[in-house]
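Here is the structure we will look at.
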Amino acid sequence: MRRLLLFDIDGTLVSGGPAKTAFQQALVDTYGTHGPIEVTDFSGKTDPQIARELLRGAGLGDDAIDAGLPRLFERYLAGLEAGLPANPMAVLPGVPDLIDALGGTGDVALALLTGNIEDGARLKLAGSGLAERFVTGSFGSDREFRDDLPPVAMERAAATWGVTFAAEEVFVIGDTPRDVACGQAHGTRTVAVATGRFDAEVLERTGATHVVPDFSDTQRVFELLTA
């Protein structure tokens with residue numbers, strides 16, 4: 001292995017699904033409020049960070065928030081799993097072909113770097129045929145802030161593949177400015193893909209190593225990630 005590729009999930013590999021509805025209902029069931037959910041920007045944040053921001057917005061203190069988080073995520077996962085059959089995740093353009101191409105090289109390690117809690121990430125990918133392609137990674141259940149996730153993913157990758165990846169051998173791949181920023185904070189290379197809320201012009205301004213419209217041009221993206 002000579003390169004570690006850390007993929008975001010929502011807006012990068014898949015989109016849609018019942019997660020927001022399940023999260024909102026779990027917040028109400030646990031805390032009696034979902035806070036200002038309609039005006040809160042979720043992009044690039046971890047699940048615990050989103051919960052804390054929403055609940056602080058509803059006037060709750062951190063002690064009360066922390067006490068309810070285990071119940072919140074238990075209820076969220078149950079709602080997510082129940083909602084997925086009727087409202088499955090949609091795999092974004094070019095993703096299966098790109099992951100197949102990268103996985104076939106034998107030279108590239110594929111892992112996740114996502115704000116989803118780990119069990120939520122696995123549920124979202126389970127119906128897409130992608131879950132088994134990502135054996136490790138870092139998740140919102142590991143750290144509350146995305147900038148703290150790259151070292152976790154890199155440490156787990158080293159344990160999984162027996163390779164210590166230098167920062168310049170790592171790509172953080174995602175669809176938001178926060179994805180780019182978390183990679184830059186640790187000296188990795190970055191790829192921003194305009195399949196989420198942010199267009200290519202906005203993503204270019206982040207200083208990402210590469211910006212692509214989507215993953216449909218398999219050969220081009222493959223070359224960017226492996227050259």
Side-chain angles (χ1 to χ4, degrees), residues 6-90 111-128 131 134 136-153 156 172 174-183 185-186 196-198:
L6 301 175
F7 281 85
D8 173 52
I9 293 179
D10 296 287
T12 301
L13 297 174
V14 296
S15 65
K20 185 175 181 180
T21 300
F23 199 71
Q24 179 172 327
Q25 188 60 52
L27 284 164
V28 173
D29 290 345
T30 305
Y31 297 97
T33 179
H34 54 59
I37 197 166
E38 299 303 332
V39 295
T40 298
D41 178 17
F42 287 22
S43 58
K45 297 177 183 177
T46 71
D47 287 347
Q49 181 183 6
I50 292 165
R52 191 174 304 280
E53 289 184 9
L54 289 171
L55 294 165
R56 282 176 173 172
L60 277 72
D62 284 338
D63 288 347
I65 294 169
D66 290 338
L69 287 177
R71 293 190 300 277
L72 168 68
F73 288 120
E74 181 180 353
R75 289 165 171 161
Y76 163 63
L77 291 169
L80 178 62
E81 186 171 19
L84 279 166
N87 187 14
M89 308 300 296
L112 296 169
L113 192 162
T114 174
N116 286 278
I117 60 171
E118 183 170 3
D119 288 345
R122 299 298 180 190
L123 282 172
K124 287 183 178 183
L125 293 180
S128 67
F134 297 95
T136 192
S138 55
F139 306 88
S141 42
D142 295 315
R143 302 287 187 274
E144 189 163 330
F145 296 101
R146 196 178 201 96
D147 281 6
D148 297 328
L149 291 178
V152 177
R156 287 181 178 159
V172 172
D175 66 294
T176 79
R178 286 189 178 92
D179 294 300
V180 175
C182 85
H186 297 278
R197 291 187 54 236
F198 299 92

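Under the 4.5 Å side-chain criterion, counting only non-hydrogen atoms from C-beta, L54 is in contact with F42. Side chains of V172 and C182 form a contact here, defined as non-hydrogen atoms less than 4.5 Å apart. Between P151 and H186, the closest side-chain pair of non-hydrogen atoms falls below 4.5 Å. Considering only heavy atoms from C-beta on, L13 stays 4.5 Å or farther from K124 through its side chain. Looking at L60 and T33, their side chains come closer than 4.5 Å, going by heavy atoms from C-beta outward. Side-chain atoms of V152 and F139, non-hydrogen and from C-beta on, never get closer than 4.5 Å to each other. Using a 4.5 Å heavy-atom cutoff, the side chains of L113 and R146 are in contact. With a 4.5 Å cut-off on side-chain heavy atoms, D62 and R52 count as touching.
Here the shortest heavy-atom pairing between Y76 and A26 reads N-CB, 3.5 Å. When all heavy atoms are compared, the tightest approach of P88 to P85 is CD-O, 4.0 Å. Among all heavy-atom pairs drawn from A51 and L69, the shortest one is CB-CD2, 4.2 Å. The two residues Y31 and A64 come nearest to each other via the heavy atoms CE2-O, 3.6 Å. For the pair G174 and T12, the tightest heavy-atom approach, listed with the atom from each and the gap, is CA-OG1, 3.3 Å. The nearest pair of heavy atoms linking G79 to A22 is C-CB, 3.7 Å.
A salt bridge between R122 and E81 is absent, with no side-chain N of the basic residue lying under 4.0 Å from a carboxylate O of the acidic one. Comment: R178 does not engage D147 in a salt bridge, judged by the lack of any side-chain N to carboxylate O separation of less than 4.0 angstrom.
The side-chain hydrogen bond (donor to acceptor under 3.5 Å, both in side chains) test with N116 singles out one residue from T46, D8, D10, and that residue is D10. Each of R75, Q25, E74 was checked for a side-chain hydrogen bond (donor to acceptor under 3.5 Å, both in side chains) with T30, and the lone residue meeting it is R75.
Of the inter-residue distances, the one linking T176 atom OG1 with R197 atom CZ reads 9.5 Å to the nearest 0.5 angstrom. Rounding to the nearest 0.5 angstrom, the gap separating the OG atom in S138 from the CZ atom in R156 is 7.0 Å. Rounded to the nearest 0.5 Å, atoms OG1 (T21) and CG (N87) are 7.5 Å apart. The CG atom of L125 sits 4.0 Å away from atom CD1 of I9, with the distance rounded to the nearest 0.5 Å.
D179 places a side-chain N or O within donor-acceptor distance of the main-chain N or O of D175, the cut-off being under 3.5 Å. For the pair D47 (side chain) and G140 (backbone), a donor-acceptor distance under 3.5 Å is absent.
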